[in-house]
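We use all heavy atoms of the structure for the numbers below, so side chains are in, but hydrogens, waters and symmetry mates are not.
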Amino acid sequence: NEQQKKQTGLSFVSHSVNTSLADNVCSQLQQDEQPILKIASPFLSADFKTELSDFIKKVNPKEIQLYLRKNYPVPDDFKAFHALKLFQPKPRSTRNGFHAKLISIEYSNKEVVFIGSANLSRQGFFLNLQQGANQECGIIISSKQKHILDDWFNEGWEKPVSVNEWNEDESLLKQTQELFQNEPYV
């Protein structure tokens, strides 16, 4: 309900026939400031069309922090961004895996956080049901309290590297999500 959303800053979101999770997140954006965009996703699409670049343009970040599995290939739309920092999990097992799906858009006066089931993929985050989206859901927190996820983003990750220092392993794109379901969380 709209009244409860205004009071708590919490919204339960899911794909609908005409609305994607990305649309729901974008409805919370401020246009007057460039935020810091933080994205954690164990899987990214290899088949983005314009969805990712359109999302980056809408958010209009001054910096992007991307939290990925070790050596996971970085989409070209991210590589083209001048202020990109890449993070990989600290080794906690031989698999170096994680399963969290988080997006934080941090402005000077508020933070918008998406926590949900969707990977940052076409089917998981960017398409609506009519376009063939997965059935995904999540919570959007829009709060004047900032640094909501700092503990999670600051622990369990190696120091950031540039895209030139990132050693991509293209074979990771061919692995299915099921191969990683038993990996420990970071």
Please test Ile64 against Lys85 for side chain to side chain contact (heavy atoms under 4.5 Å, CB included), starting from the C-alpha separation and ending with a verdict. CA-CA 6 Å; Ile64 297 175; Lys85 295 179 180 178; over 6 Å; no
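- Thr50 and Asp54 form a side-chain donor-acceptor contact under 3.5 Å, judged by distance and modelled atom types alone.
- Residues Lys110 and Val112 meet the side-chain proximity criterion, which asks for heavy atoms closer than 4.5 Å.
- Between Pro42 and Asn119, some side-chain heavy-atom pair lies under the 4.5 Å cut-off.
- Within the model, atoms CG of Asp76 and CG of Leu52 stand 10.0 Å from one another, a figure rounded to the nearest 0.5 Å.
- In this structure, Glu168 does not pair ionically with Lys70, as no charged nitrogen and carboxylate oxygen lie closer than 4.0 Å.
- Between Gln65 and Ile36, some side-chain heavy-atom pair lies under the 4.5 Å cut-off.
- Within the 4.5 Å cutoff, the side chain of Lys38 has heavy atoms near those of the Tyr67 side chain.
- For Thr19 (side chain) and Ser16 (main-chain N/O), no donor-acceptor pair under 3.5 Å exists by modelled atom type.
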Decide yes or no on side chain to side chain contact (heavy atoms under 4.5 Å, CB included) for Glu63 and Leu37, but give the supporting numbers first. CA-CA 6 Å; Glu63 178 181 306; Leu37 174 61; over 6 Å; no
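- In this structure, a donor-acceptor pair under 3.5 Å is absent between the side chains of Asn128 and Gln130.
- Judged by distance alone, the side chain of Glu106 and the main-chain N or O of Lys146 form no donor-acceptor pair under 3.5 Å.
- In the model, Gln123 has no side-chain atom that pairs as donor or acceptor with a side-chain atom of Asn134 under 3.5 Å.
- Judged purely by distance below 3.5 Å, without hydrogens or angles, the side chains of Ser20 and Asp23 pair a donor atom with an acceptor atom.
- The CG atom of Asn71 sits 6.0 Å away from the CG atom of Asp169 when rounded to the nearest 0.5 Å.
- Using a 4.5 Å heavy-atom threshold, the side chains of Pro61 and Phe81 count as touching.
- In this structure, a donor-acceptor pair under 3.5 Å is absent between the side chains of Ser143 and Glu111.
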Go through the steps for Ser53 and Ile56 under the test side chain to side chain contact (heavy atoms under 4.5 Å, CB included), then give the verdict. CA-CA 5 Å; Ser53 61; Ile56 293 170; 5.7 Å; no
Run the salt bridge (Lys or Arg N to Asp or Glu O under 4.0 Å) check on Lys90 and Glu158 step by step: do they pass? CA-CA 5 Å; Lys90 287 181 180 175; Glu158 298 289 350; over 6 Å; no
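- Nearest heavy atoms, Pro75 versus Ser45: CG-O, 4.5 Å.
- Expressed to the nearest 0.5 Å, how far CD of Gln135 lies from CG of Leu129 amounts to 5.0 Å.
- The closest side-chain donor-acceptor pair between Ser14 and Glu136, if any, does not fall under 3.5 angstrom.
- If you check the side chains of Asn164 and Ser162, you find no donor sitting under 3.5 Å from an acceptor.
- Outside the 6.0 Å centre-distance limit, the rings of Phe87 and Phe153 are not counted as a close aromatic pair.
- Put simply, the side chain of Leu10 does not reach to within 4.5 Å of the side chain of Ile140, judged on heavy atoms.
- Of the possible donor and acceptor atoms, one in the side chain of Ser41 sits under 3.5 Å from a partner among the backbone N and O of Phe43.
- Residues Phe126 and Leu21 form no side-chain contact, since every pair of their non-hydrogen atoms from C-beta on lies 4.5 Å or further apart.
- In this structure, the separation between CG on Leu120 and CD1 on Ile103 is 5.5 Å, given to the nearest 0.5 Å.
- Distance CZ/Phe125 to NE2/His15: 8.5 Å, rounded to 0.5 Å.
- Nearest heavy atoms, Phe114 versus Cys137: CZ-O, 4.2 Å.
- Not a single donor-acceptor pair under 3.5 Å links the side chain of Tyr72 to the backbone N or O of Gln88.
- In the hydrophobic clustering of this structure, Val25 does not group with Leu127; members are Ile, Leu, Val, Met, Phe, Trp, Tyr whose side-chain heavy atoms approach within less than 4.5 Å, directly or through other members.
- The CG atom of Asp77 lies 8.5 Å from the NZ atom of Lys57; values are rounded to the nearest 0.5 Å.
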Report the C-alpha distance between Trp157 and Trp152 in whole Å, list the side-chain angles of each, state the deciding distance to 0.1 Å, and finish with yes or no for side chain to side chain contact (heavy atoms under 4.5 Å, CB included). CA-CA 9 Å; Trp157 299 94; Trp152 190 85; 3.3 Å; yes
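- Counting heavy atoms from C-beta outward, Val13 and Ile139 have side chains that stay 4.5 Å or more apart.
- Atom NZ of Lys58 sits in a sparse spot, with 12 or fewer heavy atoms from other residues, nucleotides or ligands closer than 6.0 Å.
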